[in-house]
Amino acid sequence: MASQCSSVDSRATLGGVGSINSTPISARIESYEGVEKKCISDVRRTFCLFVTFDLLFVTLLWIIELNVNGGIQEELKKEVLQYDYHKSFFDIFVLAAFRFMVLILAYAVCRLRHWWAIAITTAITSAFLIAKVIISKLLSQGAFGYLLPIISFILAWIETWFLDFKVLPQEANDENRYLTIQNIAERAPLVHPGPISDGQFYSPPDSVAGKTLHDLKERF
């Protein structure tokens with residue numbers, strides 16, 4: 001494996017059913033179980049990194065927007081302390097933080113294998129952003145009035161697509177592969193035959209009795 005904490009879906013751990021004979025089946029099962037207890041899969045770790053990127057990117061855009069409009073301290077007072085739903089971008093940042101906490105808790109800490117958590121965050125994000133764009137006056141505040149809602153909406157749906165079409169199917173395939181190996185291990189004989197000696201393939205020398213005189217003359 002590439003590291004001690006290799007992913008559950010590592011090809012080196014499972015290796016496919018076709019190469020089972022090259023490695024003891026019990027060793028493959030033990031290595032799979034040991035890795036499963038220590039780590040999350042590579043694809044799930046990538047998903048968690050993307051969720052973190054979502055929060056950091058939205059935060060960066062919000063900080064840039066604060067600087068552009070007259071300074072961070074003054075704009076923070078206006079957007080946070082004097083919060084106005086129609087003009088503030090602070091709620092979009094809070095929405096990104098909400099997605100981050102729920103998804104990391106569900107898929108990194110609890111390691112859920114279902115889509116209900118991300119379905120909730122995506123539905124709340126989509127409904128809130130659509131309502132904010134329609135009701136508020138963000139579109140009249142320049143480029144960031146378009147950029148922040150659109151970026152947040154796109155990132156939320158990319159997370160949904162990645163989990164539903166990449167993370168969950170790949171982990172299901174890895175588990176099916178593991179169960180296949182486990183079933184073969186249960187059906188395998190408990191006592192394996194010993195090594196084959198050369199004596200098992202011994203063939204006696206040709207008998208002279210069955211030879212003709214012509215054959216003997218050709219040999220000598």
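FYI, side chains are in, hydrogens and waters are out, and symmetry mates aren't considered; it's all heavy atoms of this structure. Values in this document were obtained by computation on a predicted structure and should not be read as measured data.
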Take Glu159 and Leu103, measure what side chain to side chain contact (heavy atoms under 4.5 Å, CB included) needs, and give me the verdict at the end. CA-CA 10 Å; Glu159 291 165 356; Leu103 296 179; 3.5 Å; yes
Start with the C-alpha distance between Trp115 and Thr160, add both sets of side-chain angles, then the distance that settles side-chain hydrogen bond (donor to acceptor under 3.5 Å, both in side chains), and finish with yes or no. CA-CA 8 Å; Trp115 47 262; Thr160 304; over 6 Å; no
Just do the side chain to side chain contact (heavy atoms under 4.5 Å, CB included) check on Leu138 and Phe144 with the steps written out, would you? CA-CA 8 Å; Leu138 294 181; Phe144 286 99; over 6 Å; no
Given the rule in the side chain to side chain contact (heavy atoms under 4.5 Å, CB included) test, do Trp161 and Lys166 qualify, once you have shown the distances and angles that lead to the verdict? CA-CA 8 Å; Trp161 172 84; Lys166 295 293 182 180; 3.7 Å; yes
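By the 4.5 Å heavy-atom criterion applied to side chains, Val167 and Thr46 are not counted as neighbours. The closest side-chain heavy-atom distance from Tyr83 to Asp91 is below 4.5 Å. A 4.5 Å side-chain heavy-atom check between Ser152 and Leu95 finds every atom pair outside the cut-off. Using a 4.5 Å heavy-atom threshold, the side chains of Leu179 and Glu175 count as touching. A 4.5 Å side-chain heavy-atom check between Phe89 and Gln141 finds at least one atom pair inside the cut-off. Contact annotation: the side chain of Val102 never approaches that of Ile120 to less than 4.5 Å [non-hydrogen atoms, C-beta and beyond]. Looking at heavy atoms from C-beta onward, Phe90 lies out of side-chain contact with Leu76 at the 4.5 angstrom threshold. Side-chain contact check for Val51 versus Tyr107: every heavy-atom pair is 4.5 Å or farther apart.
Both Leu61 and Ile72 are assigned to one and the same hydrophobic cluster, defined by single-linkage of ILVMFWY side chains at heavy-atom distances under 4.5 Å. Trp116 is connected to Phe165 through a chain of hydrophobic side-chain contacts under 4.5 Å among Ile, Leu, Val, Met, Phe, Trp and Tyr, so both are in one cluster. In the hydrophobic clustering of ILVMFWY residues, with side-chain heavy atoms under 4.5 Å counting as a link, Phe50 and Leu105 come out apart. Leu56 and Ile92 are not part of a single hydrophobic cluster, where members link through side-chain heavy atoms under 4.5 Å apart.
Atom CG of Leu60 and atom CG of Leu55 lie 11.0 Å apart (nearest 0.5 Å). Atom CZ in Phe100 sits 10.0 Å away from atom OG1 in Thr59 (nearest 0.5 Å). Between the CD1 atom of Ile124 and the CZ atom of Arg99 there is a distance of 11.0 Å, given to the nearest 0.5 Å. To the nearest 0.5 Å, the span separating CD on Glu75 from CG on Asn69 amounts to 5.0 Å. Distance CD/Glu171 to CG/Leu168: 6.5 Å, rounded to 0.5 Å. In this structure, CG on Leu129 lies 9.5 Å from CG on Leu148, to the nearest 0.5 angstrom.
A donor-acceptor distance shorter than 3.5 angstrom exists from the side chain of Thr121 to the backbone of Ile118, with no hydrogens or angles considered. A donor-acceptor pair under 3.5 Å is formed between the side chain of Ser140 and the backbone N or O of Lys137. Although no hydrogens or angles enter the test, the distance criterion places a donor-acceptor pair under 3.5 Å between the side chain of Asn176 and the main chain of Ala172.
Counting only N and O atoms by type, the side chains of Asp174 and Gln170 include no donor and acceptor under 3.5 Å apart.
Smallest separation of non-hydrogen atoms from Leu163 and Pro169: O-CD, 4.1 Å. Between Gly142 and Tyr146, the shortest heavy-atom contact is O-CD1, 3.3 Å.
Under the 4.0 Å criterion applied to side-chain N and carboxylate O atoms, Glu79 and Lys87 are not assigned as salt-bridge partners.
Relative orientation of the Phe153 and Trp157 rings is tilted, given thresholds of 30° and 60° on the angle between their planes. Ring geometry for Phe93 against Trp62 counts as parallel: the plane angle stays under 30°, on a 0 to 90° scale with 60° as the upper cut.
For the pair Lys132 and Tyr85, the cation-pi criterion (under 6.0 Å, within 45° of the ring axis) is fulfilled.
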